[in-house]
Amino acid sequence: MWVHQSRRFFVRRNQAIPAENRETGKDAMKYPLLVTLAVAASLMSREICGQLPLVAESRLGVDLVQTNDGKRLYGFLVGETEKTLQFAVDLRWLEATHPELARAEQQRQAEKTVASQKQLAARIQAWASERATDTALVRFLHDELQRLAASQAESSPTHRFLLMEIQRDAIRKTVRQPDERRQIAGVAYMHDLPNINTTPITVLQRTLESNGINALAERVDLSKDLPHARMQSVCEWTARQALVEFQWRQPLEFHGTAELLVRRTDALSVSDLVAQVMKGSSLHAISQLGADLGLPEFASPKLAAAWWKSATQEAEQDGFRGLLILRLDPPRLTAKVGVTAIFLAMEQPGEWYEVSEFRGEAGLEQQTEQRLDRLRNDPQIKACLDTLRTLGLAADAQLVEACRYAAATESALESAKSQFALFLGQHILALDGPALPAVALRPDAR
């Protein structure tokens with residue numbers, strides 16, 4: 001927006017353009033594409049500066065938080081509670097744009113770091129004493145104590161982003177960009193593009209593409225660029241303990257449906273699960289017929305309010321802090337099968353809550369013949385199909401459909417579990433690692 005006009009100059013912010021040098025009329029933009037690219041190249045070539053974006057928020061890839069005193073902050077919303085927003089801001093940009101705020105936030109972060117490291121060290125020591133007989137876990141905890149001591153000795157640890165906690169009542173406006181734009185901006189940060197907070201998202205994407213980078217295909221992980229030292233609530237800490245023990249002790253998994261959960265052991269394969277699911281009302285028509293005939297293997301127990309309670313009770317009895325459930329959707333008249341991976345953690349005995357949830361889907365008609373043949377020849381699946389055929393509960397066409405359903409179930413299960421594996425890997429590398437976003441959303445998180 002032009003903010004001042006005189007006889008000789010048009011002034012845009014702090015940039016002056018002599019009036020006699022401006023083209024007018026129909027020749028003002030003879031080469032609009034070339035000129036636009038030149039402007040973009042100029043913007044991209046500058047170093048980080050204090051200039052705020054000259055384009056609307058709708059053309060950017062980063063999120064916006066505008067405070068009540070008029071400050072506009074650009075970065076990424078990474079978490080929230082009832083009272084605060086966690087906002088990651090490029091530290092160099094903040095120092096150049098809002099230097100006083102940057103100094104105050106850095107001082108606040110330094111104070112938080114000291115307090116959080118003291119809290120974390122005490123928690124690790126208590127944990128190691130509690131699990132003294134678990135060699136692998138205790139070794140990991142001791143390594144974490146050594147890493148923490150080394151980080152405390154650093155004079156001025158630096159991170160690319162400053163993690164701000166902004167009170168909701170201090171915020172006038174927030175803009176969270178669509179996931180695709182945030183993805184592109186995140187990839188731009190991973191590849192060290194300049195001026196990401198002020199550059200239009202289309203320019204960022206073109207710049208990445210010109211360097212052979214597919215911004216929408218890469219997995220964004222900026223966790224190493226965030227300061228991890230912060231106070232963790234009881235809820236988040238117990239979730240992190242559950243995830244770490246899932247990795248370093250013995251993973252506990254339950255597979256099946258809301259009506260039938262089967263504990264996975266070393267001897268239970270995917271084909272075992274599919275066979276159990278087929279017997280446990282995965283195929284509606286066959287299951288209903290079996291239940292009507294009174295066959296016990298097709299009986300479907302009533303769904304409890306907390307459908308996972310039997311699994312958490314078993315986990316508690318055996319000394320587990322967390323468990324993973326891979327739950328198959330109830331049968332629907334659709335061409336897709338869905339599996340949800342749900343990780344639960346124990347905050348205290350008798351109180352469990354959901355930490356994360358991931359969704360996998362697969363189409364019945366998209367399954368390869370190779371996968372279908374493998375399942376048909378699997379002893380568990382073959383025995384299940386033979387039983388249904390012998391009892392006269394399914395025609396050949398239904399058995400073919402059942403096998404296709406089993407293949408789709410396997411595909412969806414693999415997808416859901418791979419998503420969980422990525423999440424697990426991100427949050428167990430360090431005990432002061434990235435915040436657990438789902439836990440932060442709990443209104444009663446302490």
Side-chain angles (χ1 to χ4, degrees), residues 78-79 86 120 123-124 127-128 131 134-144 147 183 186 190 218-226 228 230 232-256 261 263-266 268-270 273 308 311-312 314-316 318-328 338-347 352-361 410-442 445:
V78 296
Q86 285 80 49
L120 182 58
R123 282 175 164 175
I124 294 174
W127 189 6
R131 299 296 196 190
D134 291 289
T135 307
L137 174 63
V138 170
R139 186 184 301 116
F140 168 76
L141 295 179
H142 286 166
D143 289 345
E144 282 293 281
R147 181 186 62 81
Q183 165 81 13
M190 289 173 61
E218 289 204 14
R219 176 175 173 264
V220 176
D221 183 3
L222 297 171
S223 57
K224 68 180 185 304
D225 295 319
L226 282 169
H228 296 155
R230 56 190 169 72
Q232 296 186 53
S233 68
V234 172
C235 179
E236 182 177 0
W237 176 245
T238 54
R240 197 176 301 279
Q241 283 184 294
L243 288 165
V244 168
E245 291 195 357
F246 188 89
Q247 175 70 21
W248 289 106
R249 292 187 75 220
Q250 178 183 353
L252 177 61
E253 294 184 20
F254 285 82
H255 295 185
L261 287 176
R263 182 169 178 171
R264 180 176 181 178
T265 64
D266 291 339
L268 182 67
S269 65
V270 171
L273 167 66
W308 37 260
T312 57
E314 187 173 339
E316 230 174 285
D318 293 345
F320 288 89
R321 275 196 168 96
L323 64 91
L324 178 68
I325 294 178
L326 289 156
R327 185 188 68 193
L328 181 66
V339 172
T340 304
I342 304 166
F343 189 81
L344 300 169
M346 182 184 70
E347 188 165 0
W352 290 70
Y353 59 92
E354 181 179 319
V355 175
S356 60
E357 182 176 308
F358 303 95
R359 178 95 180 142
E361 289 187 343
E410 185 182 54
S411 297
L413 185 149
E414 290 170 352
S415 172
K417 193 164 183 182
S418 66
Q419 293 174 57
F420 168 73
L422 288 174
F423 175 84
L424 179 68
Q426 183 181 9
H427 292 286
I428 64 171
L429 291 177
L431 294 176
D432 56 355
L436 291 159
V439 173
L441 290 173
R442 287 189 69 206

### Query
Is W352 close to E316 at the side-chain level, that is, under 4.5 Å between some pair of heavy atoms?
yes

### Query
Who are the side-chain contact (heavy atoms from CB on, under 4.5 Å) partners of S411, not counting sequence neighbours?
A362, Q367, R371

### Message
Test of understanding: with side-chain contact (heavy atoms from CB on, under 4.5 Å), list the residues that count as partners of E218, not counting sequence neighbours.
### Response
V187, M190, H191, I213

### Query
D221: what forms a salt bridge (Lys or Arg N to Asp or Glu O under 4.0 Å) with it, not counting sequence neighbours?
none

### Task
Could you tell me which residues satisfy salt bridge (Lys or Arg N to Asp or Glu O under 4.0 Å) with R327, sequence neighbours excluded, listed by chain and number?
none

What are the two closest heavy atoms between [X] and [Y], and how far apart are they?
X	Y	answer
L326	A341	CD2-CB, 3.6 Å
A311	L261	CB-CD1, 4.2 Å
S415	G360	OG-CA, 3.8 Å
V355	A239	CG2-CB, 3.7 Å
V220	G186	CG1-CA, 4.0 Å
Q247	L424	OE1-CD2, 3.7 Å

Quick one: [atom1] on [X] to [atom2] on [Y], what's the gap to the nearest 0.5 Å?
X	Y	atom1	atom2	value
L120	R240	CG	CZ	9.0 Å
I428	L243	CD1	CG	7.5 Å
L431	Q241	CG	CD	8.5 Å
R123	L141	CZ	CG	13.5 Å
D134	R139	CG	CZ	11.5 Å
R321	L344	CZ	CG	15.5 Å

### Query
When you look at H142 and V138, which way does the side chain to side chain contact (heavy atoms under 4.5 Å, CB included) test go after all the steps?
CA-CA 6 Å; H142 286 166; V138 170; 3.5 Å; yes

### Task
Sequence neighbours left out, what passes ring pair (Phe, Tyr, Trp, His ring centres under 6.0 Å) with F358? Give chain and number order.
F423

#### Entry: Pairing residues for F140 by the ring pair (Phe, Tyr, Trp, His ring centres under 6.0 Å) criterion, not counting sequence neighbours
W248

### Task
Give the C-alpha distance, both sets of side-chain angles, the deciding distance and a yes or no for side chain to side chain contact (heavy atoms under 4.5 Å, CB included) between E347 and C235.
CA-CA 6 Å; E347 188 165 0; C235 179; 4.3 Å; yes

### Query
Taking the six-membered ring for Trp, are the ring centroids of F343 and Y353 within less than 6.0 Å of each other?
no

Would [X] and [Y] pass as an ion pair if we require N to O under 4.0 Å?
X	Y	answer
R359	E357	no
R147	E144	yes
E253	R263	no

### Query
Is there a donor in the side chain of E245 and an acceptor in the side chain of W127, or the other way round, less than 3.5 Å apart?
yes

### Message
Under a plain distance cut-off of 3.5 Å, with no hydrogens placed, do E354 and W308 share a side-chain donor-acceptor pair?
### Response
no

### Task
Run the numbers on F420 and L324 for side chain to side chain contact (heavy atoms under 4.5 Å, CB included), then give the verdict.
CA-CA 9 Å; F420 168 73; L324 178 68; 3.8 Å; yes

